[in-house]
A.B. asks: 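Sharing a structure with you now.
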Amino acid sequence: RKGGEEVVRYSGMDCNGHLNNAEYGNLTCNMLEKHMFEKGLATFQISFQREALGGQILELYTGEENGGHYCVGK
């Protein structure tokens with residue numbers, strides 16, 4: 001599992017002070033960069049328990065699921 005930290009910065013926030021949905025995609029692609037170059041992206045799904053807030057530090061990890069699917073999470 002690869003790990004990393006990301007800070008929710010102003011430029012990635014929506015008008016409610018939450019991480020913009022498009023930024024979740026950016027974080028995912030960056031965490032799975034090696035796999036993106038090798039295999040590409042077939043599907044993408046965002047599921048979260050609560051939205052990330054401005055200034056929050058996200059501790060991210062990647063993991064391989066069944067059938068060669070990958071996930072990025074906190």
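FYI, the numbering just counts along the sequence from 1. Computation of the quantities below employed the complete heavy-atom set of this structure, encompassing side-chain atoms and omitting hydrogens, waters and symmetry-equivalent molecules.
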A.B. asks: Please give me the minimum heavy-atom distance between Tyr24 and Glu51, naming the atom from each residue.
C.D. replies: OH-CA, 3.9 Å
A.B. asks: Assess whether side-chain hydrogen bond (donor to acceptor under 3.5 Å, both in side chains) is satisfied between Glu33 and Asn30, documenting all intermediate values.
C.D. replies: CA-CA 5 Å; Glu33 185 172 32; Asn30 290 338; over 6 Å; no
A.B. asks: Distance-only, no hydrogens or angles: does the Gln56 side chain make a donor-acceptor pair with backbone N or O of Leu53 under 3.5 Å?
C.D. replies: yes
A.B. asks: Quick check against the 3.5 Å criterion: does Asn16 have a side-chain atom that pairs as donor or acceptor with the backbone of His18?
C.D. replies: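 Judged by distance alone, no pair lies under 3.5 Å.
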A.B. asks: Considering non-hydrogen atoms only, spot the tightest contact between Gly55 and Val7 and give its length.
C.D. replies: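 Closest approach of Gly55 to Val7, heavy atoms only: O-CG1, 4.2 Å.
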A.B. asks: Working to the nearest 0.5 angstrom, can you tell me the gap between Leu58 CG and Leu60 CG?
C.D. replies: 5.5 Å
A.B. asks: OG1 of Thr28 to CD of Glu23: how many Å apart, nearest 0.5 Å?
C.D. replies: 10.5 Å
A.B. asks: Can you tell me how far the CG atom of Asn26 sits from the CG atom of Asn21, to the nearest 0.5 Å?
C.D. replies: 11.5 Å
